[in-house]
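Note: hydrogens, waters and symmetry copies are ignored here, and every other heavy atom, side chains too, is used. Note that ligands are numbered from 1 as they come in the structure, with each ligand's atoms numbered from 1 the same way.
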Amino acid sequence: MGTVVDSANQGAGSLTINKKVTVVFVLGGPGSGKGTQCANIVENFGYTHLSAGDLLRAEIKSGSENGTMISNMIKEGKIVPSEVTIKLLQRAIQENGNDKFLIDGFPRNEENRAAFELVTGIEPEFVLFFDCPEEEMEKRLLSRNQGREDDNIETIRKRFKVYMESSLPVIEYYNSKGKVRKVLSYLSASLPSSVLERERESLHIKQKLTSFLPQIDAAKPVGEVFEAVKAVFAPADEKPTSCGDGAVGGGSDVAVGANNVPLTEFEANHYEYDYTGYTDFVFSSECSACKCQDCRAKHDVVINAIKALTVSVKELTSKRGFIPSAPLEIKAKRRRRVISRALSSIQKSKIATPLSMCCTEQRTMSKGKQHELKKVNVEEATAEQH
Ligand SMILES: Nc1ncnc2c1ncn2[C@@H]1O[C@H](COP(=O)(O)OP(=O)(O)O)[C@@H](O)[C@H]1O
Ligand SMILES: Nc1ccn([C@H]2C[C@H](O)[C@@H](COP(=O)(O)OP(=O)(O)O)O2)c(=O)n1
């Protein structure tokens with residue numbers, strides 16, 4: 001017996017997607033309102049909506065050989081084998097003239113995710129995540145009135161269990177890659193961890209989360225939810241790649257902490273948080289919300305420069321026998337000047353930042369290069385100190 005991917009590949013043949021497409025995954029619990037919001041997005045942003053559940057139900061109706069198996073799995077609240085769903089999605093994408101797709105209710109487990117990526121080579125542009133309390137979802141499903149066989153209390157409970165156990169980890173996976181869009185991302189970036197903690201606390205599924213998870217509060221009325229959705233789509237849609245695109249609220253998790261640098265790294269202690277001027281950087285940089293690789297790379301260079309600067313000043317002050325017992329009294333204005341000078345020296349000395357350089361590579365920048373940065377910054381810092 002072959003793997004899921006093997007069998008999906010065998011059957012894929014003519015189904016191979018031979019056009020460049022933009023894919024947004026729309027995820028959330030059963031009844032969280034994915035389909036409802038997808039209809040709004042289609043109307044306003046020109047996407048084509050592909051609901052995995054609808055495709056599977058259409059397959060049952062078509063009398064296909066897989067029909068009975070799919071029907072039984074859905075009645076049990078289980079997830080249909082990936083190769084079946086992926087083929088349906090591939091066909092729908094290939095046959096549609098559009099090149100922008102909302103894929104709703106997929107991937108629903110790790111197997112779905114990995115197989116789709118391998119078979120189609122498509123990575124989502126971003127992930128939209130609707131978070132809604134179970135009681136609300138249950139109420140909605142029980143009054144959905146679409147004649148669905150799985151909208152009964154017994155199957156609903158099973159679907160909730162599958163969602164918590166299999167689907168949430170997929171959302172967390174995309175979150176770790178900075179793909180999950182949130183609305184207040186730019187704000188959260190500058191907040192101390194205690195505030196982030198409070199934000200995380202407000203999540204309906206908080207007990208299952210291992211990290212901060214961007215979400216849209218899907219328990220609100222349809223119109224309000226769509227306002228949040230619009231904030232995610234509008235900027236991304238208007239100016240997808242340019243620098244300083246004003247994508248306020250449209251940034252993903254990665255956009256704010258650019259390159260996924262954990263916020264805690266800058267908040268380890270008061271001294272470091274204060275000294276790096278991280279807050280200032282986030283709000284003053286034109287590119288802080290931009291996710292293009294260029295900006296990410298630049299941001300990494302700055303972060304490294306700031307770190308090097310911190311080390312240098314610590315060294316300088318300890319050499320002078322001055323060990324600060326309180327946070328260093330460097331005023332915000334001066335701090336910004338130091339940082340901006342450090343940045344311009346870096347640019348002037350043409351430290352090349354290849355666009356292809358990924359965040360990890362940047363962070364593991366060779367010691368030699370870090371030393372170079374440090375040298376530049378020691379001079380700047382010394383000048384400032386005087
Ligand atoms: N924000 C909302 N407030 C109240 N009811 C909603 C909201 N969003 C969707 N619904 C209703 O809840 C039910 C489930 O919504 P649906 O979009 O089908 O969810 P999903 O696609 O996530 O399963 C539908 O009857 C829909 O009209
Ligand atoms: N990727 C997917 C998506 C849906 N399914 C099956 C299992 C789900 O319980 C049903 C219904 O999914 P659908 O997305 O239409 O509905 P809910 O979000 O659960 O309300 O379809 C699947 O097996 N694999």
Asker: Should E138 and R157 count as an ion pair when the cut-off is N to O under 4.0 Å?
Answerer: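 Looking at E138 and R157, the cut-off is met.
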Asker: Using a plain distance cutoff, I'd like to know if G33 has any nitrogen or oxygen under 3.5 Å from a nitrogen or oxygen of ligand 1.
Answerer: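 So ligand 1 has an N or O lying under 3.5 Å from an N or O of G33.
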Asker: Which residue and non-hydrogen atom of the protein lie closest to atom 3 (N) of ligand 1, and at what distance in Å?
Answerer: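 Among all protein heavy atoms, the one nearest atom 3 (N) of ligand 1 is R140 NH2, 3.3 Å.
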Asker: Can you pull out the closest protein heavy atom to atom 17 (O) of ligand 1? Residue, atom name and distance to 0.1 Å, please.
Answerer: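 Looking at atom 17 (O) of ligand 1, the protein heavy atom closest to it is T36 OG1, 2.5 Å.
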Asker: Under a 3.5 Å threshold, yes or no: a donor from one side chain and an acceptor from the other, between D151 and Q146?
Answerer: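 No, no side-chain donor-acceptor contact under 3.5 Å.
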Asker: What about M73 and V162, same hydrophobic cluster or not, with Ile/Leu/Val/Met/Phe/Trp/Tyr joined at side-chain heavy-atom distances under 4.5 Å?
Answerer: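 M73 and V162: separate clusters.
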Asker: May I ask you to check if ligand 1 and S143 share an N or O to N or O distance below 3.5 Å?
Answerer: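 No, no N or O pair falls under 3.5 Å.
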Asker: Out of all atoms in ligand 1, which are within 4.0 Å of some heavy atom of G29? Include the element for each.
Answerer: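 Answer, ordered by atom number: 22 (O).
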Asker: How are the rings of F25 and F116 set to each other: parallel, tilted or perpendicular (split at 30° and 60°)?
Answerer: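 Judged by the thresholds at 30° and 60°, the geometry between F25 and F116 is perpendicular.
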Asker: Flag the pair L56 / L88 as yes when at least one side-chain heavy-atom distance between them is below 4.5 Å, and no otherwise.
Answerer: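 In contact.
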Asker: So if I only count non-hydrogen atoms and take anything under 4.0 Å from ligand 2, which residues does that give, chain by chain?
Answerer: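 Those residues closer than 4.0 Å to ligand 2 by some heavy atom are P30, G31, K34, A52, G53, L56, R57, I74, K78, I79, V80, G105, F106, R108, N112, R144, R148, D150, R159.
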Asker: Taking 4.0 Å as the limit for heavy-atom contacts, which would you say applies to K220 with ligand 1: side chain only, backbone only, both, or neither?
Answerer: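 The answer is the backbone of K220.
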Asker: Inspect the contact between D99 and K20 and indicate whether a charged nitrogen and a carboxylate oxygen are less than 4.0 angstrom apart.
Answerer: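 Looking at K20 and D99, the cut-off is not met.
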Asker: Just checking, R108 and Y163: is the charged tip under 6.0 Å from the six-membered ring centre and within 45° of the axis?
Answerer: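 Output no; distance or angle outside limits.
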Asker: Is there any N or O on D104 that sits under 3.5 Å from an N or O of ligand 1?
Answerer: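 Among all N and O atoms of D104, none is under 3.5 Å from an N or O of ligand 1.
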Asker: Roughly how far apart are N66 CG and E83 CD, rounded to 0.5 Å?
Answerer: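 So the gap between those two atoms works out to 8.0 Å.
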Asker: Do any heavy atoms of G31 fall under 4.0 Å from ligand 1?
Answerer: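 It does, in that a heavy atom of G31 comes within the 4.0 Å cut-off of ligand 1.
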Asker: Would K139 and E135 pass as an ion pair if we require N to O under 4.0 Å?
Answerer: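 Salt bridge between K139 and E135, a charged N being under 4.0 Å from a carboxylate O: no.
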Asker: Could you name the option among K34, M137, E224 that has the heavy atom nearest to atom 22 (O) of ligand 1?
Answerer: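 Result: the heavy atom closest to atom 22 (O) of ligand 1 is in K34.
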Asker: Who's the nearest protein heavy-atom neighbour of atom 18 (O) of ligand 1, and how far?
Answerer: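 The closest one turns out to be R144 NH1, 2.9 Å.
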Asker: Do the side-chain N and O atoms of T22 and E125 include a donor-acceptor pair separated by under 3.5 angstrom?
Answerer: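 There is no such pair between these side chains.
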Asker: Got an N/O contact under 3.5 Å between E136 and ligand 1?
Answerer: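 No, no N or O pair falls under 3.5 Å.
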Asker: With the threshold set at under 4.0 angstrom, would you say C132 reaches ligand 1 through any of its heavy atoms?
Answerer: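 It does not; every heavy atom stays at 4.0 Å or beyond.
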Asker: Report the distance from atom OG1 of T36 to atom CZ of R140, rounding to the nearest 0.5 Å.
Answerer: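 Reported to 0.5 Å precision, the distance equals 7.5 Å.
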Asker: Do S166 and N109 have a side chain donor and acceptor closer than 3.5 Å?
Answerer: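 Distance-only check fails for S166 and N109.
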Asker: Could you find the nearest protein heavy atom to atom 21 (O) of ligand 1 and give me its residue, atom name and distance?
Answerer: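 Checking every protein heavy atom, the shortest distance to atom 21 (O) of ligand 1 gives G35 N, 2.9 Å.
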Asker: Using distance alone, decide if ligand 1 has a nitrogen or oxygen within less than 3.5 Å of any nitrogen or oxygen in V222.
Answerer: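 Yes - when backbone and side-chain N and O of V222 are compared with those of ligand 1, one distance drops under 3.5 Å.
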Asker: Validate the cation-pi geometry between K100 and Y47: distance from NZ or CZ to the six-membered ring centre under 6.0 Å, angle to the ring axis within 45°.
Answerer: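 Yes, a cation-pi geometry.
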